[in-house]
Each structure stands twice: as structure tokens, then as C-alpha cells.
Amino acid sequence: MGRRDSSAPSVRVAGQAPNGKFIVIEGIDGSGTTTQAERYAAHLRARRRLVHVTREPSGGPLGAQIRQVLTQRLSLPSVNQSQIMALLFAADRLDHVAAEITPLLEDGYVVISDRYDLSSLAYQVTAAAQEEPEHLVGPLSSGTMLRWIRELNRYALRPHLTLVLDVDPEIAAQRRRGRGGARELYDDAELQVRLAGAYRRAEELLPGDRVVHVNGDGEMEEISQAIAAVLNPVVGI
Ligand SMILES: Nc1ncnc2c1ncn2[C@@H]1O[C@H](COP(=O)(O)OP(=O)(O)OP(=O)(O)O)[C@@H](O)[C@H]1O
Ligand SMILES: [Mg+2]
């Protein structure tokens, strides 16, 4: 599934990022992750840094399938939906890392991913907790679901930093309405409130990782400045 030819295939050990910097931006739907990933990339390009913005679901073949599920053009059975999504996302992530992220890090790029495994830990665990018990097979408490998703992502390259945009769910909902577009799978007010709670506890979801929270409720420029203050030392500017 490679999207980048390489004559010298490399073996990458989980948890070891090569030369570049791998940054992840996370938050609930409408928190501004896409906006802020692009703004920070522009900030880096203006300083002549090599930068690449990517996202999950990825632009690869597995990501395309997930996108069809999210936009509800492809429907899953009602049983074990969250588990199926967790598996799809974990597979897409390993492909994304191997085909796109690692080669660019090896070339010295700052790679900014709009979502990564924190999204799986927040969305699929929270969604499973909301599913009807008869739609779940096995004793999938939030704790077992969390451990299982961590295990699925055991070989996912660790970011240098995961930045969480904490946004009031009502503000995020207003932004989504302002943006327009069709309703998506996780577009439910109650779920988004729970997700905001999960993101506030992001450190517990990603033990051992470097996680920094930035308040994303305010004006775009003010948030961009707060993000640059966190990320510039990480990327070395
Ligand atoms: N700080 C802000 N103030 C006002 N509007 C904003 C702010 N940040 C982003 N927006 C607008 O809100 C909408 C949602 O932003 P964006 O698409 O970046 O969110 P997102 O977190 O990527 O959402 P999703 O998770 O659904 O992809 C966009 O129309 C964007 O222009
Ligand atoms: Mg987005």
C-alpha cells in the first residue's frame, strides 16, 4: 500500500521516531484541529521548515473506507460497531505510519497529523460505552476496551507531542453548524460532551506520552499563538 517508492525498505521499531518531528493535534469535532494544523504548518513554512500536514483517517486505501463509514455511505452491522471501527483505524494507522509518516520523518520533515491514536482511545471507547449492551459481544467495559485499543496500537509510532485542543462542546457544535456539510457518524451532542471529558483526561489515555492541552475556545489567531508557543521548542525554532 506504499504511496512513496523506496528502494531501501526500512524496519522501524515502535516508539522510535527518526530525524524529523512528529506532532499530533487532537480534539472533539469542530474543535479546530484542521484549521490549527494548517495554520501551524504555514507558520513553519514561513520559517523555511519542511512540513507536511496529514490526517486520520489517512489518505490511503484503508482511510478511504473509514471515511465512507463516517459519512454513512457505507454502513456497518449494528453489533460491535465500535470494535470494528477500532480495528479499521488501527490498520489504517499502521499503513499511514509506514507509507507516509515515517518516510517524511526520515527526510527531516515536521509531520503534523490531524488526529492519531488518541482519537481511537477517545472515540471508540466513548462510543462503545454508549452502545446498547445487546450490540456488544463480550464483557467490553470501558477499561477492557481501552486496554484492547492500546494493544491494537502497540506498534504505532509515538509522536514527539500530542496537542489537545480543549473546546466547549457547544462552541464546537456552533462551528460545525457554521461549516455546514452532512451529518457524520459521531455527530451527536451527548457523545461530543462525553468526548470533551475524555480529551480533558488525555494523559490517562496516553500514559508515557507527552501531552499538552491548549484552550481552543477563543479566536483563531490567539489559539495559533498559544500553539506556536508549545510547539516551537519541540520542532526547534
Ligand atoms: N477559533 C475559532 N473561532 C471560530 N471559528 C473557528 C475557529 N477555529 C475553527 N473555526 C471554524 O470552525 C469550523 C470547524 O473548524 P475545523 O474544521 O478546523 O474543526 P475540526 O476540529 O477539524 O473539525 P472535525 O473534527 O469535524 O474535522 C471551520 O469552519 C473553521 O473555519
Ligand atoms: Mg477536521
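Whatever order the structure lists ligands and atoms in, that order sets their numbers, starting from 1. Just the heavy atoms: all of them, side chains too, but no hydrogens, waters or symmetry mates, feed the values below.
Residues Asn19 and Glu106 have side chains that never bring a donor and an acceptor to within less than 3.5 angstrom of each other. Between the side chains of Asp209 and Thr162, no donor-acceptor pair is found at a separation under 3.5 Å. If you check the side chains of Ser82 and Gln124, you find no donor sitting under 3.5 Å from an acceptor. Defined by atom type and a distance below 3.5 Å, a donor-acceptor pair is missing between the side-chain atoms of Thr71 and Glu184. Donor-acceptor pairing under 3.5 Å is lacking for the side chains of Arg55 and Tyr116. A donor-acceptor pair shorter than 3.5 Å can be found between the side chains of Arg93 and Ser120. Using a 3.5 Å distance cut-off with no hydrogens or angles, the side chains of Ser224 and Arg39 do pair a donor with an acceptor.
For ligand 1 and Ile223, the ligand atoms under 4.0 Å from any heavy atom of the residue are 1 (N). Listed by number with element, the atoms of ligand 1 under 4.0 angstrom from any heavy atom of Glu219 are 1 (N). Residue Ser31 has at least one heavy-atom neighbour below 4.0 Å for each of these atoms of ligand 1: 21 (O).
In terms of protein heavy atoms, atom 22 (O) of ligand 1 is closest to Thr34 OG1, 2.7 Å. Scanning all protein heavy atoms for the shortest distance to atom 1 (N) of ligand 1 gives Gly218 O, 2.9 Å. The nearest protein atom to atom 15 (O) of ligand 1, hydrogens excluded, is given as Thr35 OG1, 3.6 Å; this is a heavy-atom distance. The nearest heavy-atom contact from the protein to atom 21 (O) of ligand 1 is Gly32 N, 2.8 Å.
By the 4.0 Å heavy-atom criterion, Ala172 is excluded from the residues contacting ligand 1. Residue contacts with ligand 1: Glu222 is excluded, as none of its non-hydrogen atoms falls under 4.0 Å.
Crowding of Glu221 atom CD: a count of heavy atoms from other residues, nucleotides or ligands under 6.0 Å exceeding 12.
Under 2.8 Å from the Mg ion (ligand 2) lies an N/O/S atom of Thr34, whether from backbone or side chain.
Taking all heavy atoms of Arg179, Glu184, Gln36, Met220 into account, the minimum distance to atom 26 (O) of ligand 1 is reached by Arg179. Taking all heavy atoms of Ser119, Gly178, Gly30 into account, the minimum distance to atom 23 (O) of ligand 1 is reached by Gly30. Checking Gln174, Glu221, Arg175, Arg176 against atom 13 (C) of ligand 1, the nearest heavy atom belongs to Arg175.
Taking a cutoff of 4.0 Å between a charged side-chain nitrogen and a carboxylate oxygen, Asp117 and Arg158 qualify as a salt bridge.
With a heavy-atom cut-off of 4.0 Å, Arg115 touches ligand 1 through its side chain alone.
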